[in-house]
Amino acid sequence: MFLIRKVFPLALLLSAFLAFWLAKNFSFQGNQLKQTSLKKKQPHHAPLPNFNTGGEVVPFGNSLLEEINQTSVKEFDDLLKQLNPGNDWVLSLDKASLENLAVNASISGIKLVESLPELGVIRVKILDTKKALPLLIEYISNNQISPNYTMRQPLPPRKELVLDEASFSDSYIKWLGGRDDRANLGTGVKVALLDSGVDLSHPMLAGASIKQTNLLTNNGIAGVGHGTALASVMVGTTSGNQGIAPRSEILSYRVIDKTGKADSYTVASGIVKAVQDGARVINLSLGAEYGSDVLKHAVGYARENGVSIVAAVGNDGEGLVNFPAAYDGVIGVSSVGKNGQVSSFSNYGKGVDIAAPGVGVLAAWELQERVSFSGTSVSTAIVSASIAAELSNDPNLTSHDAEDLLLRHANESGRPGFDLIAGHGILSLGRLENRTNEHYSDPALVGYYFGESGVISGTVPFEVIIQNQGNTLLNNLNLEVEYLGSVNKFRVNNLAPAEIRSEKLYLQGSDVDGFLQIDSRLTISSGTKDDRPENNFRKSTIRF
């Protein structure tokens, strides 16, 4: 079951309160507001204010603003402070409205902080609610205002969920089927890392090309571990800890502070700057449970300029994909363990596009430390770097072409076909990097599918799934599945490249006491080539 958004969007709450407040204190006559809360006064009615052709506010005289009940304005002001204690707002305005506001901000009780003209967005503070009220009514009515929402790096997965997973350590590239000679991959490709910043002194990053930009007002350098870890799996240079695309140039934009928090405006600013600085891929291992106009506009800006955006789905184990991963056009990444199963801590739902290693990945940390990193953050960095590697292999590819290649050459993850847990499947560097090698051969045992319910009672069917993850037609495959004391054998022929085949088996729910041990193996006939025999065996414990 999927969850609804746990946090009701503040802009909608604000709109609802404004409607209630206006209904309580005013009535409409045509396009005019008539105050109802002042029983003893006979107000002079006036329409909502507007700007004249000279860009100045039309004077009100004895108008609405002079007659607003001070108590009701205080109620509204208190609500604004409650919804947005930092008084940090973002407006989405057309060019004319933005120019008008720039001219008249001070007399309208609004302070302009900074703007992103590329997105038609401006960051403001409300200094005088009474003066700003007419514009606030307009902005809220047109859905043009929202708080500058807090974002953050994904919270670490709960330890008990990570302990259930099989860790990768430094074997994630080999597990993905990636080639060993990666030294030149990423050449000429810029990857933007919008994160905490990077510890450039770390030995795992010796010789890596990393350019740092701090987009925070705080110039401190503490709390850069998260970004350092992601950079190391992208462009790590040391023997045994090589990154996916070591020759990529990392454009590191610090948008996350030492507490792990960011805000939607600063992240949007980083996206715009990354596009202008020539990034081909933007990595966003951060998110929020709700979207915002400024973030959505920034994603659209990047896509229109041919830049890929890759984002983490989150580590809460819920049917709630974080934004911006939930946006169309963003590659949402979930985590997979070394056992080939999507991690139980990964969020799922609409917005998941692909899964990549995210359990116990050996990575750098600040102060020259190394850590066993788990979470969709590191999975996202692996996917971003894989796109960069493909772009360097073929300069004629667009970023969106490279995205499509990754998705088309993903491996099956369990349930046949696209799903809301792994999207198109699990990232496969083996299939991706060998896609033009007509002799590449790889029969693979994918796993097991027990349906959606998870209920074990009566006679229970399940499927054992295999896939041809190579480029040759496969014949004379032998599948052997052992569970509950029985051994079941199948012969598989005519398995075309990328084809998925499943064999149905059954068990009795009464024979299963919470766990089921299944041992399976896929063998090939003598003389048949297999470039990755390590994925022909699976020894699994299924928990119900």
Side-chain angles (χ1 to χ4, degrees), residues 1-12 149-158 161-162 164-165 264 267 282-293 295-296 298-300 303 308-337 340-359 374-384 403-404 406-408 410-427 446-447 449-455 543:
M1 179 182 293
F2 299 110
L3 303 177
I4 61 172
R5 295 291 174 195
K6 295 189 294 184
V7 179
F8 191 74
L10 301 186
L12 294 180
Y149 289 115
T150 297
M151 305 181 74
R152 64 168 301 118
Q153 63 194 40
L155 294 172
R158 297 198 306 274
L161 297 181
V162 175
D164 284 342
E165 309 279 356
S264 57
V267 172
I282 297 176
N283 188 94
L284 297 173
S285 293
L286 49 76
E289 294 176 345
Y290 34 81
S292 64
D293 282 346
L295 194 59
K296 188 173 184 180
V299 166
R303 295 291 297 179
S308 292
I309 296 188
V310 188
V313 301
N315 301 330
D316 306 302
E318 298 178 344
L320 185 72
V321 172
N322 284 344
F323 289 94
Y327 284 130
D328 290 339
V330 176
I331 304 299
V333 185
S334 61
S335 164
V336 66
Q341 300 299 307
V342 174
S343 305
S344 56
F345 58 74
S346 277
N347 289 0
Y348 54 92
K350 186 179 183 298
V352 176
D353 294 290
I354 197 168
V359 180
S374 296
T376 56
S377 286
V378 70
S379 308
T380 300
I382 288 171
V383 171
S384 294
E403 293 173 15
D404 291 340
L406 256 70
L407 299 181
R408 287 208 316 267
N411 286 338
E412 185 53 69
S413 63
R415 176 184 178 181
F418 182 88
D419 60 57
L420 298 178
I421 297 175
H424 294 269
I426 299 171
L427 173 69
V446 171
Y449 178 62
F450 283 82
E452 301 292 338
S453 69
V455 176
R543 178 183 293 179

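In this text the structure is predicted, and so the values were computed from the model without any measurement.
- At least one donor-acceptor pair closer than 3.5 Å links the side chain of Ser379 to the backbone N or O of Ala356.
- In this structure, the side chain of Asn315 does not engage the main chain of Ser346 through any donor-acceptor pair within 3.5 Å.
- Note that the CG atom of Leu284 and the OG1 atom of Thr380 stand 9.0 Å from one another [nearest 0.5 Å].
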Worksheet item: Between Ile426 and Ile354, does a side-chain contact (heavy atoms from CB on, under 4.5 Å) hold up when you go through it step by step?
Response: CA-CA 6 Å; Ile426 299 171; Ile354 197 168; over 6 Å; no
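- Nearest heavy-atom pair across Tyr149 and Ser292 is CD1-CB, 3.4 Å.
- Scanning both residues, Thr376 and Ala312, for their nearest heavy atoms gives OG1-CB, 3.5 Å.
- Taking the six-membered ring for Trp, Tyr290 and Phe323 have ring centres at least 6.0 Å apart.
- Two residues are said to be in side-chain contact when any heavy atoms from C-beta on lie closer than 4.5 Å; Leu295 and Tyr327 meet this criterion.
- In plain terms, the two heavy atoms of Val359 and Gly337 that are nearest each other are CG2-CA, 3.8 Å.
- Expressed to the nearest 0.5 Å, how far CD1 of Ile309 lies from CD1 of Ile331 amounts to 10.0 Å.
- Taken to the nearest 0.5 Å, the OG atom of Ser264 stands 11.0 Å off from the CG atom of Leu286.
- In this structure, OH on Tyr449 lies 10.5 Å from CD on Glu412, to the nearest 0.5 angstrom.
- Two residues are said to be in side-chain contact when any heavy atoms from C-beta on lie closer than 4.5 Å; Gln341 and Val336 fail this criterion.
- The minimum heavy-atom distance linking Gly358 with Phe345 is given by the pair O-CZ, 3.6 Å.
- A salt bridge between Asp328 and Lys350 is present, with a side-chain N of the basic residue lying under 4.0 Å from a carboxylate O of the acidic one.
- A donor-acceptor pair under 3.5 Å links the side-chain atoms of Asn347 to the main chain of Asp316, judged by distance alone.
- Using a cutoff of 4.0 Å between basic side-chain nitrogens and carboxylate oxygens, Glu403 and Arg303 are scored as salt-bridged.
- Of all heavy-atom pairs between Leu407 and Asp353, the closest is CD2-O, 3.7 Å.
- Proximity of Val352 to Val321: side-chain heavy atoms (C-beta onward) are separated by under 4.5 Å at one or more points.
- Between the CD1 atom in Ile421 and the OG atom in Ser343 there is a gap of 11.5 Å [rounded to 0.5 Å].
- Using a 4.5 Å cut-off on side-chain heavy atoms (C-beta onward), Lys296 and Pro324 make no contact.
- Val330 approaches Ala325 most closely through the heavy-atom pair CG1-CA, 3.8 Å.
- Panel note: side chain Ser285, backbone Ser377; a donor-acceptor pair is recorded below 3.5 Å.
- To the nearest 0.5 Å, the span separating CG on Asn411 from NE2 on His424 amounts to 14.0 Å.
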